[in-house]
Each structure stands twice: as structure tokens, then as C-alpha cells.
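Below, chains carry the letters A, B, ... as their sequence lines are ordered, and counting in each starts from 1.
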Amino acid sequence: MRSHYCGEVNERLVGKTITLCGWVHRARNLGGMIFLDLRDREGIVQVVVHPEQKEIFKLAQTIRNEYVLCVTGKVNARPGDMINTKMKTGTIEVEAAEIKILNTAEPPPFVLDNYVPVSEDVRLKYRYIDLRRPEVFYRIQFRSKLVRAMHNFLDDHGFLEIETPHLTRATPEGARDYLVPSRVQPGHFYALPQSPQLFKQLLMMGGVDRYYQLAKCFRDEDLRADRQPEFTQLDIEMSFIKEEDVMQLMETMMQRLFKDLLEVTLPAFPRMTYAEAMQKYGSDKPDLRISLELVDVADLLKTVEFKVFSSVANDPAGRIAALRVPKGATFSRKNIDDYETLVKKFGAKGLAWMKVNDLNDVQSPIKKFLSDEIVHAILRRVGAQKEDIIFFVADNYRVTSESLGALRVHVGEKDASAWKPLWVTDFPMFEKVDGHWHSLHHPFTAPQDMNNLAHGLSHAYDMVLNGSELGGGSIRIDNIETQQAVFNLLNISEKEAREKFGFLLEALKYGCPPHGGIAFGLDRIAMMMAGASSIRDVIAFPKTATASCLLTNAPSTVSDEQLKELHVQVNTKE
RNA sequence: GGGGGCGUAGCUCAAUUUGGUUAGAGCAUCAGAUUGUCGAUCUGAGGGUUGCGGGUUCAAGUCCCGUCGCUCCCGCCA
């Protein structure tokens, strides 16, 4: 139908007759002459209708916004005073010789201009209209380019794209599963995959050597701005490799993606152990754009009168850390109250502070508990300067680190245009929560030291960018003894292990190559690279915070017939 | 599961603090005018279950209780 996209029309086409298809972005009727801004996915161009063309002119008078047109006409250069410098196609216009109204349109529920704000629920309900907006479409188009570049890179490096099942079995650990009832096997359920983890390991055992997939994953957990119930992972697995091989290759891939799509040169990714990340940044995904660091001060506070400090200082499981914020002495009472509210969200009981008016003049509600000597020792330790404020949290290691880490991100100044990637390595294998052991990564992660399984480190690694985890992976367990030892520690009985993971344990018997891999959150990467603030912006049809689709009204009730067929009974009374 | 914010015309908001006449504005829509506009302009018109349900009151958009929806955060997300 068309010969060119609207956005492609330029001065080189002047004098040529072209055909355009698209939507009427805006119609301006000046009485004696009509202008139509025609829009397609590549841009907008002005169509002019002159009254001499009587029939077309009459037709054009009936044209409203969002009508779908096919326009044929001659490209004319605009005289100097009629050039619109705000438009990419502002130096030319198309003089209509023929207009076909392919379809009419009712007025859209919102104006398709970026200067008019529209609430997100309205946009989602009419997503197909929202997608016509250039800035919305750009992000979807960007994602397509990103995915294409990933395919190209992995194909160039010998990876095979292989699909794994969506209908699979429920897993005992991890997130809540989305379940699918089986019709032919009453009372049995499939689960939608939380990730293709076990399948990709089985592919390695099948000799595939290098696998990747853009895998849809499903997790029935509460949502966040950067979390959807269904999301996409770039899932990768390799055989006969070590940790370093995976990290090197993936780092190269990420550098290539940034170069090709954003013309940004990423540096070599620094490495940081999990322990160091928690110690200095109070996070396993530190935002290195912020220069502030946490400093331990417990050793200085073991004997102080202030019980809140001294009791934690003498508890081996405790941590007292300080965060120095340059020029923070100007923070108001209200600011500090807000910061205290923030750290309390992470479980901290309070936020102590010290304003450094001068190195010999410190203002603080806890000053009365501290000798001058200790105050000076603290100032030296954190490198305090005039007009700084120093915040303190005293609690168990986790609460202190995470709460002060969150405060660091909240108050820290950063260059919003900077890209600061890194690898976080040497994660602990497990952590103990309420007396139960949990895998930090997942139960198939290889330990660094079999002799210190419970308290030792793993061969897991996370790629982190600007305070967000882009992806995480590990070298996997490749022998049945280690795998069983891990299940034991996680309190998964041999019977349960056989039942739930029997196929994996069986497979490990028949010759398993050393292997490992990584999975990236595609939505999150696309969001960050496209400069979006929510992953919903890089998903064509996203769900709301309560996991519903405002466009289709999913999830919905179903007929009794359907339920009966699936052998499912609904009990909504609780 | 817990906490915060929001919900008034098709859209974005005002009126809520301190209950009081007929709930306003801009954009959009419709009609008319208009030959160089480009977020066109000018004149006029139509448009409301104040999310929903209950309560207090002479009187509720405004106060109280419940409920639904959207959103952000904590928990959760191996």
C-alpha cells in the first residue's frame, strides 16, 4: 500500500509522488485549506489539502483525529517561512492528490501528545492507543533492537537457541508457582516455569555445550515497579567452563550491547566480593555512582554508656556502622526524621546522628553518652570534615547493613548519566532464616569448599549496574554426592529429593560435564538502557501491581463447565 | 500479609484544610467562522452516580465506617 513511512519523507524526495499510510495525528482546518499531520511508527509528516482539489477537499473536511488514511501526493519543499524546525520532516510537506479513508475513528480517550499527562491505568486499558505515541513506541522498538543484538552476539559465539517447556512441574523451593490444572489427569497440576534452570542443565548433560533462550518466566509473588508476574530472562548455559569464562564472555556481550545501542563504552567490570559489598555499601547490588561508604565503628563503642550501642558492639552477630554525608549538617529535623522512617522500614530501631559543625564542635543527641576521645576517634575513622553529618545504625549485621545501605542510596549524590557496572562474587552458599537454611542463589549452585558447606562460599556471581541486579548465575553442581549433600542441608529428605528432583539426580549419574551459566532480567536491562522508570514501559502489555491486565480484564472467572472438566472446585469463602 | 499516596466531566486537575447557593478550569468533543497552519485561531454549545455501599447532619465532593481500583515501599521474589 505505502511507498514510504511518514517519518522517512525528506528533501531528497521533493518532486516525487509517494503513498503514505497512517493515523491522523491532528487535523487543522483553516477553512480555505486543510492540514493533516499523518503519523506512522516512524514519524509524522504534514499533508496539505488545497481547495482546488474539490473532491479531496470535501472529503478532508470530514477527517478527524486518529482516522486511518492512505494518502498519495507529491512531496514539496516548504518555503523558508513555512519550515517547522520542531519537526524532523518540517522542511517538506505532501500535497494530497488522493486520500482514502481506510477507517474512521472515535475520538481517543486521551490526547496522543506527550505534553498532556495521562494516568497509567488509562494508558494500560487503551494500550493499543498508547503504543501509537512515539515516546511509548520508541521503548518497545528499542527492546526489539536489544533482543536482536543479543541474538546476534550469542549466535556469533556458538550458542544454540533452544526452547524449554512452559508446562512443567511445581518446584518445592523458591517463589510461588502459577499452576495449570491437568484435564486428563484429575487432581494433577503443571506449573509454569519460574526459570528454565533444570532444563538448561539437562541440555548441558545432553551435550548441547552452549545454550541460550529468551525465556518467559512466571512467579506468583507481589509486584514492584521492576517486577512483573511474567517476565523474560535471557537464559544462558555453557559446558566445560569456569566462573571466569562466563563472566568474561557476558561482560563482553554487555559492552557490545551498550556500544551498539547507546554508543556508550563500558569499562572493564570491577569485581567485588559479596562480603565487601555488604561491608562498604550495605547491599549485594551496590550503586557505585554514589561515592559514600559505610564504616564500621563497633570496636570504638564497646564500653560506652549508651546501651543501644554497647550491647550491639559486644554482640558478635551485631554491627554498628556509620555513614558520613558531606555537607549534611544542614539537614533539618524533618529531613532526619524522614531518614529515620526510611531505616526503620528495613528493621532498624532508630537512626543516631552527629552534626560536625566543626571538628571540635559536634552536635548530637547521643553526645552525652560519648567521651570526647571516642567522638574524636569516630570523626577520624570516618574522615569527618566540617559541615558533615554522620549517621549511625546499631543492629544485627543484616539490618544495619541494609538500612544504612538504603539510606546511602537515598541521600547519596550521583551522576544520573553515568554507567557503573560490576560483578559481585563469592556469595555465601546459604543463609539461616528462622533456624532454616536457604540457598542464597539456588540449590544447584556449586560450593567452593565441600569441607565447609554450610558456612562456605559458592561459585555464584551477579552482574550489577547502577544499583540494580542485571543478572545472576553460577557454576552448577555436576555430581550426585554434592547435590545430595546440599539437599540434606536444605532439609530436603532423600525421599522428597527423589520425588521432586529424581530426574536431575538420575541425570547426574550418566556423565555430567562441568557447566554453569547466567540469567539476565531482560525487562530490567531494557528499562535501564531505554531510560524508563518502570519495566512496564518496555513491555507491550504489562500487568498492574495486583497482577491484572486492564486491557483484557485477566484474570477472570471461568464457567462451571470449564472447572468441572478440569476437576477443580472453587472456594472463595475464607 | 503490613504501611504510605491517589480516586471529582472523555483526559489532566481545582473546590476537601474550616460541611453551606446551581461542583469549576484547561485540553478533548460538537456546531459555526477562517487560504500557510503545525499544541492553529476566534465565536458558541453540550458534557458530572464526586470510584462504590452505608452512616452522622437541617445540609456531605468535604466528616465517620466499610469496600473496590491504581500506585510506591517493607515482607515476599531459591
Side-chain angles (χ1 to χ4, degrees), chain A residues 25-38 44-52 57 61 64-66 76 78-87 89-90 93 95 106-126 129-130 171-177 194-195 197-198 217-229 231 338 341-348 399 402-403 406 410 427 429-431 433 436-445 458 460 469 472 474 486 490 492 519 521 533-534 536 543-546 548 550 553:
Chain A
H25 190 64
R26 206 178 300 280
R28 289 180 295 280
N29 185 344
L30 273 65
M33 119 186 276
I34 294 171
F35 296 99
L36 303 169
D37 286 343
L38 199 65
I44 296 175
V45 69
Q46 174 167 283
V47 174
V48 58
V49 186
H50 291 293
E52 294 78 33
F57 194 79
Q61 283 173 322
R64 298 291 178 266
N65 289 350
E66 300 309 312
N76 291 333
R78 297 200 206 179
D81 55 336
M82 291 170 201
I83 286 173
N84 183 350
T85 50
K86 284 186 253 171
M87 268 174 103
T89 59
E93 65 189 5
E95 188 184 338
E106 287 186 17
F110 51 89
V111 187
L112 280 82
D113 263 317
N114 54 13
Y115 63 91
V116 182
V118 188
S119 63
E120 201 177 5
D121 45 335
V122 176
R123 291 174 47 203
L124 292 184
K125 183 174 178 189
Y126 300 98
I129 298 172
D130 192 40
T171 48
E173 273 206 57
R176 233 171 265 123
D177 285 312
Q194 296 178 25
S195 86
Q197 181 59 37
L198 292 177
C217 303
F218 306 85
R219 293 179 191 175
D220 187 5
E221 295 294 344
D222 290 345
L223 277 60
R224 290 287 171 79
D226 60 353
R227 236 194 265 161
Q228 285 271 302
F231 59 98
D338 289 347
T341 305
L342 176 75
V343 296
K344 280 182 171 171
K345 278 190 193 170
F346 291 84
V399 167
E402 290 184 354
S403 61
H410 191 75
F427 284 80
M429 277 292 282
F430 306 102
E431 63 178 345
V433 181
H436 297 287
W437 290 101
H438 286 266
S439 296
L440 229 75
H441 190 54
H442 58 52
F444 318 107
T445 303
S458 71
E469 181 195 327
S474 63
V486 169
L490 291 172
I492 300 174
S533 52
S534 158
R536 292 187 295 271
K543 293 189 171 54
T544 68
T546 48
S548 54
L550 295 178
N553 279 323

If only side-chain N and O atoms of [X] are considered, is one of them under 4.0 Å from the OP1 or OP2 phosphate oxygen of [N]?
X      : N     : answer
A:R64  : B:C30 : yes
A:S119 : B:U12 : yes
A:N29  : B:G32 : no
A:T341 : B:C74 : no
A:K86  : B:G39 : yes

Closest to the [X] side chain: [options]?
X      : options             : answer
A:R28  : B:C77, B:U29, B:C38 : B:C38
A:S548 : B:C70, B:C77, B:C27 : B:C70
A:L30  : B:C11, B:G36, B:C38 : B:G36
A:A225 : B:U37, B:C76, B:C72 : B:C72
A:Q46  : B:U35, B:C38, B:C74 : B:C38
A:R224 : B:G36, B:C70, B:G75 : B:G75
A:E52  : B:U37, B:U12, B:U35 : B:U35

Rounded to the nearest angstrom, tell me the gap between atom [atom1] in [X] and atom [atom2] in [N].
X      : N     : atom1 : atom2 : answer
A:F110 : B:U29 : CZ    : P     : 14 Å
A:R227 : B:G75 : CZ    : P     : 9 Å
A:R219 : B:G75 : CZ    : P     : 17 Å
A:R536 : B:U71 : CZ    : C1'   : 7 Å
A:F231 : B:C76 : CZ    : P     : 17 Å
A:E402 : B:C74 : CD    : P     : 10 Å
A:N65  : B:G39 : CG    : P     : 13 Å
A:E95  : B:U37 : CD    : P     : 17 Å

Base-contact (B) and sugar-phosphate-only (S) positions in nucleotides 1-8 of chain B, heavy-atom cut-off under 4.0 Å, - elsewhere
B-------
Under the 3.5 Å rule, do the base of [N] and the side chain of [X] count as making a donor-acceptor pair?
X      : N     : answer
A:E120 : B:U71 : no
A:E93  : B:G36 : yes
A:R78  : B:C38 : yes
A:D121 : B:C70 : no

With both distances kept under 3.5 Å, what pairs with [N], Watson-Crick or G-U wobble?
N     : answer
B:U56 : none
B:U67 : B:G51
B:C77 : none
B:C27 : B:G10
B:A33 : B:U41
B:U22 : none

Pairwise [atom1] distance for [N] and [M], with rounding to whole Å:
N     : M     : atom1 : value
B:U8  : B:G61 : P     : 15 Å
B:C27 : B:U41 : P     : 8 Å
B:G69 : B:A60 : P     : 28 Å

Report yes or no: does A:H442 contribute a side-chain atom to a donor-acceptor pair with the main-chain N or O of A:F444 at less than 3.5 Å?
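Flag set: sc A:H442 to bb A:F444 pair under 3.5 Å.
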Heavy-atom closest contact ([X] atom, [Y] atom, distance):
X      : Y      : answer
A:A225 : A:R536 : CA-NH1, 4.3 Å
A:N76  : A:E95  : ND2-OE1, 2.8 Å
A:A27  : A:L36  : CB-CD2, 3.7 Å

How many angstroms lie between atom CD of A:E221 and atom CG of A:D177, to the nearest 0.5 angstrom?
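It comes to 9.5 Å.
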What's [X] touching, base or sugar-phosphate or nothing? Going by heavy atoms closer than 4.0 Å.
X      : result
A:T546 : sugar-phosphate
A:P109 : sugar-phosphate
A:P108 : nothing
A:I34  : nothing

Is there ring stacking between A:F35 and B:U37, where the centres must be under 5.5 angstrom apart and the planes under 30 degrees?
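The base of B:U37 is stacked with A:F35 (centres under 5.5 Å, planes under 30°).
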Pick the nucleotide of RNA chain B nearest each of A:V118 and A:M87; which residue has the one closer to the 5' end?
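The answer here is A:V118.
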If you find the nucleotide of RNA chain B closest to A:D226 and the one closest to A:N84, which residue's nucleotide is nearer the 5' end?
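Whichever sits nearer the 5' end wins; that is A:N84.
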Run the salt-bridge test on A:R28 and A:D37 with the 4.0 Å N-O cut-off and return the result as yes or no.
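Between A:D37 and A:R28 there is a salt bridge, with a charged N closer than 4.0 Å to a carboxylate O.
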